[in-house]
Amino acid sequence: MKKYILIVSCTLCFSFSIRKSKNFIPPGTVQITETFFADETEISNLSWQEYEFSILNKFGQNSKEHLETLPDTLVWRHKNSCNEPYVKYYYRHPAYKDYPVVGVNYEQAQAFCKWRTQRVKAFYYIKNKKELKIEYRLPSKEEWELISNNGINIFENEGKNKKGQIVFNHRWMPDSISKKYFEEYNQYQDVTAPIYSYWPNSFKLFCVFGNVAEMISEKGICKGGSWRNTIDECRPGKDIPYEKPTAWLGFRCVCDIKK
């Protein structure tokens, strides 16, 4: 009887996991159109750590390249807040590995997309012995609104999801409790939630609204609102300005494949 040795390559995050399918699905994404894909979730701390460690191993711990990958953990330090422990623990502690990465700027997000594209191309070539024309990037405003508006639109239809439940930041409330009450007395969450929290929309994308606001390709503009935004700021067509890394700003990638 022949013996087979199964070699399992264990890696962090999504970079080296490819679903078995007749058509190639870029790692970490769901299909929106024939050649356009969007990340299932916001980029997590674990995903960012994979990126950081890759650059560290290539260039060294104290290199400029590695230092440029580090999130600004001081974004959690605000006057009159109780978030000081997150300065030390949010990015590094294993308990938060599946929480969205924050404290990164626009240029860092762009660099991550470029690195991720190169990694997936390299793995695809090793596995299939041919080139893959693929690009991960930040979505345009129109693309972000496409992937959000075609899901559960949590602020239209009188603020209810498809199950008829009132929703804010992807959390539902009984109909007996009004949105006004929720906004006045429970406007802010304490911190972000894990990237697979709450219901996905009809594209199977998680936390498109709430959790962290998401950078788009237009620098200085983010979409979707966050755990610190008001209910009005978490609407599909709302543009939220930002100037620097914050504790409420993250991103998700979209992906193009050229045939």
What's the separation between atom [atom1] in [X] and atom [atom2] in [Y], rounded to the nearest 0.5 Å?
| X | Y | atom1 | atom2 | answer |
| --- | --- | --- | --- | --- |
| C113 | M215 | SG | CE | 9.0 Å |
| K141 | S217 | NZ | OG | 9.5 Å |
| L132 | I257 | CG | CD1 | 5.5 Å |
| E52 | E65 | CD | CD | 13.5 Å |
| D239 | I221 | CG | CD1 | 5.0 Å |
| I216 | S140 | CD1 | OG | 7.5 Å |

Q108 backbone acceptor or donor facing N105 side chain under 3.5 Å = yes

Please find the pair of heavy atoms, one from [X] and one from [Y], that lie closest to each other, and give the distance.
| X | Y | answer |
| --- | --- | --- |
| C222 | L249 | CB-CD1, 3.6 Å |
| P71 | V104 | CB-CG1, 4.1 Å |
| N229 | C234 | CB-SG, 4.1 Å |
| I195 | C207 | O-SG, 3.9 Å |
| E50 | R119 | OE2-NH2, 3.6 Å |
| V30 | F203 | CG2-O, 3.3 Å |

Give a yes or no on whether a salt bridge exists between R77 and D72, defined as a side-chain N under 4.0 angstrom from a carboxylate O.
->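 No, no charged N to carboxylate O under 4.0 Å.
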
Taking NZ, NE, NH1 and NH2 as the nitrogens, is one of them in K121 or E131 under 4.0 Å from a carboxylate oxygen of the other?
->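 No, no charged N to carboxylate O under 4.0 Å.
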
Mind checking whether W115 and F53 have ring centres under 6.0 Å apart?
-> no

Centres of the F251 and F112 rings: under 6.0 Å?
->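 Yes, the ring centres sit under 6.0 Å apart.
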
Would you mind telling me which of W248, Y90, Y99 makes a side-chain hydrogen bond (donor to acceptor under 3.5 Å, both in side chains) with T192?
->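 Of all the options given, the one that passes is Y90.
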
After noting the C-alpha distance and the side-chain angles of Y106 and Y242, does the key distance pass the ring-ring contact (aromatic ring centres under 6.0 Å, His included) rule?
-> CA-CA 10 Å; Y106 178 83; Y242 70 90; 7.4 Å; no

R137/E143 under salt bridge (Lys or Arg N to Asp or Glu O under 4.0 Å): CA gap, chis, key distance, verdict | CA-CA 11 Å; R137 55 182 175 80; E143 288 168 340; 2.7 Å; yes

E214 versus E42: any side-chain heavy-atom pair under 4.5 Å?
->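 Touching, per the 4.5 Å side-chain cut-off.
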
Residues, nucleotides or ligands: over 12 heavy atoms within 6.0 Å of E243 CD | no

Kindly indicate, with the supporting measurements, whether the criterion side-chain contact (heavy atoms from CB on, under 4.5 Å) is fulfilled by E107 and K219.
-> CA-CA 9 Å; E107 288 76 19; K219 185 176 181 180; 2.5 Å; yes

Under the salt bridge (Lys or Arg N to Asp or Glu O under 4.0 Å) rule, what do K258 and E135 come out as? Steps first, then yes or no, please.
-> CA-CA 9 Å; K258 295 181 181 179; E135 180 185 15; 5.9 Å; no

Take W227 and Y198, measure what ring-ring contact (aromatic ring centres under 6.0 Å, His included) needs, and give me the verdict at the end.
-> CA-CA 13 Å; W227 61 279; Y198 319 120; over 10 Å; no

Flag for Y91-Q49: side-chain donor and acceptor within less than 3.5 Å = no

